[in-house]
Amino acid sequence: TTSTGIDVTGTATMDGLSVASAAPLIEVTDTDTPVTTFIQSTGSQGRIGTSTAHDLFIYAGDTNRARFNDNGDISFYEDTGTTAKLFWDASAESLGIGTSSPNTKLHVASAPNATSGAIAHLRNTSATSSNTSFGGMFFSSSPGVDYSIGKANVNTTTTLSFRNASSGASLMDIDSSGQLLLGRSANVSSGAEATRIQFYNGNSTYDIASIRSLVGAGQINRGELSFAVNNGASQQEAMRIDYGGNVGIGVSSPSTRLEVGGGGGSETIKVSAGAGWADVRLHSDATNGGSIYFNDGADAGQLFYYHVDD
């Protein structure tokens, strides 16, 4: 013993060791290396560490379980204590799971699950068979709208949902049978656009075409489809299918099964078969006929065929 403590060379055996003082310190030094490992209480902190330029290892069952590098890297090892499977890269501020060389902020490396193919598992513990819930991954940047992708639960019905994370509105869902569902989280008024598929050229520079779903006139559960193309200046509707099944080409409100508008004095409808026969067939059952009408607002003439008279 000395006036400042105990200095042991060799082996000391004791029932316990208690050190009480201001900032008490216990140091163990390997004089061959040399490396010093210390235990210290100071202020409100308890510290375990090593001297400068040396790493700290934590062993259990005589097997390496964790390593704290002098440069700030941290490794947690698999069961044999030889390979780091959870690794924190301090300089890159990146976490690796299943890899000791993370190349992104979070890098997960693993063989996939044999059934689901999953490498990572995210579970929404709030979802039940009697509530509405959504849980997923959040994608954020500034400026702009944020987005999220996850699993939506409405009671026992589930979908893969793509959402506007800033508002929570669903943008697109895929159900369990693989159907793609495009829609809004709130109803829109009669005649308004419900959803749109937009086609671009040049990385969203040119909106060359689109398909829109519209709410039919009078009822929110009536639907219409509008097909538009860009004429070089803006998108213009080229064809519409209304809620009654009528098709309009150049006509936004077709009144017959097929109504063709436009033409401007040139050919409006042309049937071409190359070198073969070009046919137009009007078909009805055995007791009826067919007609071709010519009019300028009122019927001006017709070609009529009555099947009974052949």
Side-chain angles (χ1 to χ4, degrees), residues 152 154 157 159-164 169-202 204-274 277-285 288-300 302-305:
V154 180
T157 301
T159 60
L160 175 63
S161 184
F162 297 77
R163 300 199 170 197
N164 178 329
S170 175
L171 305 175
M172 180 174 70
D173 288 76
I174 302 175
D175 69 13
S176 58
S177 62
Q179 295 185 89
L180 178 62
L181 313 173
L182 302 176
R184 297 177 180 267
S185 58
N187 291 329
V188 296
S189 59
S190 175
E193 178 180 312
T195 55
R196 175 192 294 250
I197 300 175
Q198 190 79 37
F199 300 92
Y200 289 96
N201 180 32
S204 301
T205 303
Y206 306 104
D207 55 336
I208 58 175
S210 66
I211 302 174
R212 300 182 300 149
S213 67
L214 308 171
V215 178
Q219 296 183 29
I220 61 172
N221 61 347
R222 287 179 174 176
E224 300 185 355
L225 284 178
S226 171
F227 299 80
V229 293
N230 198 314
N231 59 12
S234 62
Q235 283 199 30
Q236 301 294 323
E237 183 177 273
M239 183 176 74
R240 180 176 295 209
I241 304 173
D242 72 10
Y243 61 86
N246 297 331
V247 177
I249 301 176
V251 177
S252 61
S253 300
S255 58
T256 60
R257 282 300 185 212
L258 175 62
E259 185 173 346
V260 181
S266 61
E267 295 173 329
T268 302
I269 300 177
K270 180 179 180 179
V271 179
S272 177
W277 289 85
D279 297 328
V280 176
R281 175 174 296 186
L282 304 180
H283 179 81
S284 63
D285 61 30
N288 292 291
S291 301
I292 299 177
Y293 286 87
F294 303 87
N295 69 55
D296 54 3
D299 292 341
Q302 71 178 44
L303 295 177
F304 180 79
Y305 167 71

Could you walk me through whether I249 and L258 satisfy the side-chain contact (heavy atoms from CB on, under 4.5 Å) test, starting with their C-alpha distance in whole Å, then the side-chain angles of each, then the deciding distance to 0.1 Å, before giving a yes or no?
CA-CA 8 Å; I249 301 176; L258 175 62; 4.1 Å; yes
V215/R222 under side-chain contact (heavy atoms from CB on, under 4.5 Å): CA gap, chis, key distance, verdict
CA-CA 6 Å; V215 178; R222 287 179 174 176; 5.8 Å; no
Step by step, would you call R212 with Q198 a side-chain contact (heavy atoms from CB on, under 4.5 Å)?
CA-CA 8 Å; R212 300 182 300 149; Q198 190 79 37; over 6 Å; no
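Among all heavy-atom pairs drawn from E259 and P254, the shortest one is OE1-CA, 3.4 Å. Contact between D173 and A152 at its shortest, heavy atoms only, is OD2-CB, 4.4 Å. Smallest separation of non-hydrogen atoms from A278 and V271: CB-O, 3.6 Å.
Going from atom OH of Y200 over to atom CG of N230 covers 11.0 Å, rounded to the nearest 0.5 Å. Atom OH of residue Y243 and atom CG of residue L214 lie 13.0 Å apart, to the nearest 0.5 angstrom. Between the OG1 atom in T195 and the CG atom in L171 there is a gap of 11.5 Å [rounded to 0.5 Å]. In this structure, the separation between OG on S176 and CG on L160 is 11.5 Å, given to the nearest 0.5 Å. To the nearest 0.5 Å, atoms CD1 (I174) and OG1 (T159) are separated by 9.0 Å.
Considering E237, R196, E193, R240 as possible partners of S226, the one that fulfils the side-chain hydrogen bond (donor to acceptor under 3.5 Å, both in side chains) test is E237.
In terms of the side chain to side chain contact (heavy atoms under 4.5 Å, CB included) criterion, residue partners of N231 (sequence neighbours excluded) are, by chain and number, A233, S234, Q236.
For the pair S170 (side chain) and R163 (backbone), a donor-acceptor distance under 3.5 Å is absent.
Looking at heavy atoms from C-beta onward, D242 lies out of side-chain contact with V247 at the 4.5 angstrom threshold. D207 has its side chain within reach of Q235: a pair of non-hydrogen atoms, C-beta onward, lies under 4.5 Å apart. Y293 places none of its side-chain heavy atoms less than 4.5 Å from the side chain of L303. With contacts defined as side-chain heavy-atom distances shorter than 4.5 Å, the pair M172/L180 qualifies. Proximity of L225 to S213: side-chain heavy atoms (C-beta onward) are separated by under 4.5 Å at one or more points.
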